[in-house]
Amino acid sequence: TQIFHPAFLPTGGIEVLDRSRSGRQTDSGEIFVIGTFGIPSDAKLTHRVIAAAQKIRQGGISVRLIIAGFGVRSYVRAHRKKLAGLDVQSFDGPTDLQLLRCMAEVDVAVQFRAQNLGETSGIVSLLLCLGKSRLVSAIGAFMEFGAAVETISNDASVEEVANCILDLYRNPVDKSDISEYVESHSA
């Protein structure tokens, strides 16, 4: 049996969105915000997201990395060296509305999976409801999101991942593709 994860915002989501996108300016201008959500781990290739954010930062772009989900505090503590120099905001065990607020802050969300276990992603569905550009692994159920997401091979180099993230920032996924997916997969 194959079913989709419905795309809808949690109760109170609209109110949260009305207050989002604050704190993005610095003295030097706009910050490019990358986000990754869920339980950070090797299974979610979180280390590749961090490496790509570092690559972008090393290229002279002001970047902030948001990591939100369960176990984030421990992950960040264990990977301090990989995160050194990055502007990181971490949220451990956020409520649905806190998670939504974090998602609303990002320009590009990166949701990877190291292997296909057959499951889809509620996180990607929420990001679609927010109209966010998402970069996902080109495996399994992620492929069912079609043109509403950008996919990349797990074999891609860190530089290729960083370039793809930057390309999504400059050329977001077409809003009509996102809307079409959300409308046809709503609760």
Side-chain angles (χ1 to χ4, degrees), residues 1-9 32-56 63 65-72 74-76 78-79 82-83 90-91 94 96 99-100 102-103 106-187:
T1 304
Q2 183 178 0
I3 59 172
F4 62 86
H5 195 293
F8 63 96
L9 295 176
F32 169 34
V33 182
I34 301 168
T36 188
F37 306 97
I39 301 170
S41 65
D42 289 345
K44 298 282 179 87
L45 302 175
T46 308
H47 60 283
R48 300 209 57 212
V49 180
I50 293 168
Q54 288 284 22
K55 188 73 140 168
I56 292 167
V63 63
L65 177 62
I66 294 177
I67 307 172
F70 293 103
V72 168
S74 296
Y75 186 89
V76 167
H79 295 87
K82 288 181 184 177
L83 292 163
S90 60
F91 300 89
D96 288 348
L99 181 63
L100 191 63
C102 292
M103 290 177 173
V106 305
D107 295 301
V108 176
V110 184
Q111 298 299 123
F112 288 151
R113 294 250 170 80
Q115 59 182 321
N116 175 20
L117 299 176
E119 79 278 20
T120 188
S121 173
I123 293 290
V124 173
S125 293
L126 275 175
L127 289 161
L128 288 167
C129 288
L130 296 175
K132 298 295 177 176
S133 287
R134 289 123 341 269
L135 178 61
V136 300
S137 297
I139 62 172
F142 280 163
M143 302 304 289
E144 296 169 15
F145 290 108
V149 300
E150 182 70 31
T151 60
I152 193 167
S153 168
N154 282 346
D155 295 334
S157 70
V158 169
E159 186 169 349
E160 289 171 320
V161 172
N163 288 339
C164 195
I165 291 169
L166 283 171
D167 187 53
L168 273 173
Y169 177 54
R170 295 175 180 132
N171 305 295
V173 172
D174 189 309
K175 295 288 186 193
S176 64
D177 290 330
I178 295 170
S179 295
E180 183 179 320
Y181 183 89
V182 170
E183 288 172 16
S184 64
H185 294 83
S186 69

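- Side chains of Val49 and Phe112 form a contact here, defined as non-hydrogen atoms less than 4.5 Å apart.
- Nearest heavy atom pair, residue Ala68 against residue Cys102, reads CB-SG, 4.2 Å.
- The aromatic rings of His79 and Tyr75 lie parallel to each other, with less than 30° between the two planes, well short of the 60° mark.
- No side-chain donor-acceptor contact under 3.5 Å links Glu150 to the backbone of Ser133.
- Phe91 is listed as a side-chain neighbour of Ile66, based on a closest heavy-atom distance under 4.5 Å.
- For the pair Leu65/Leu83, a side-chain contact is recorded, criterion being any heavy-atom separation below 4.5 Å from C-beta on.
- At distances below 3.5 Å, not a single donor-acceptor pair connects side-chain atoms of Thr36 with backbone N or O atoms of Ile67.
- Of all heavy-atom pairs between Arg113 and Ile139, the closest is O-CD1, 3.3 Å.
- Between the side chain of Gln111 and the backbone N or O of Phe37, at least one donor-acceptor pair lies under 3.5 Å.
- By the 4.5 Å heavy-atom criterion applied to side chains, Ile123 and Met103 are counted as neighbours.
- Here the closest heavy-atom approach between residue Ile178 and residue Leu128 is recorded as CG2-O, 3.2 Å.
- Taking both residues in full, the closest heavy atoms of Ala52 and Val158 are given as N-CG1, 3.7 Å, listed atom of the first, atom of the second, then distance.
- Atom-to-atom distance recorded for Ile56:CD1 and Asn163:CG is 8.0 Å, nearest 0.5 angstrom.
- Two residues are said to be in side-chain contact when any heavy atoms from C-beta on lie closer than 4.5 Å; Leu166 and Phe32 meet this criterion.
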Steps toward side-chain contact (heavy atoms from CB on, under 4.5 Å) verdict (Leu127, Val149): CA-CA 10 Å; Leu127 289 161; Val149 300; over 6 Å; no
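- Taking every heavy atom of both residues into account, Gln54 and Lys82 meet most closely at NE2-O, 2.8 Å.
- Counting all heavy atoms, side chain and backbone alike, Pro94 lies closest to Leu99 at CB-N, 3.8 Å.
- Between the OG atom in Ser157 and the CD1 atom in Ile152 there is a gap of 7.5 Å [rounded to 0.5 Å].
- Contact annotation: the side chain of Phe142 approaches that of Val124 to within less than 4.5 Å [non-hydrogen atoms, C-beta and beyond].
- A distance of 4.5 Å separates CD1 of Ile34 from CD1 of Ile165, quoted to the nearest 0.5 Å.
- From Arg170, atom CZ reaches atom CG of Asp107 across 12.0 Å, with rounding to the nearest 0.5 Å.
- Rounding to the nearest 0.5 Å gives a distance of 11.0 Å between CG of Asp42 and CD of Gln115.
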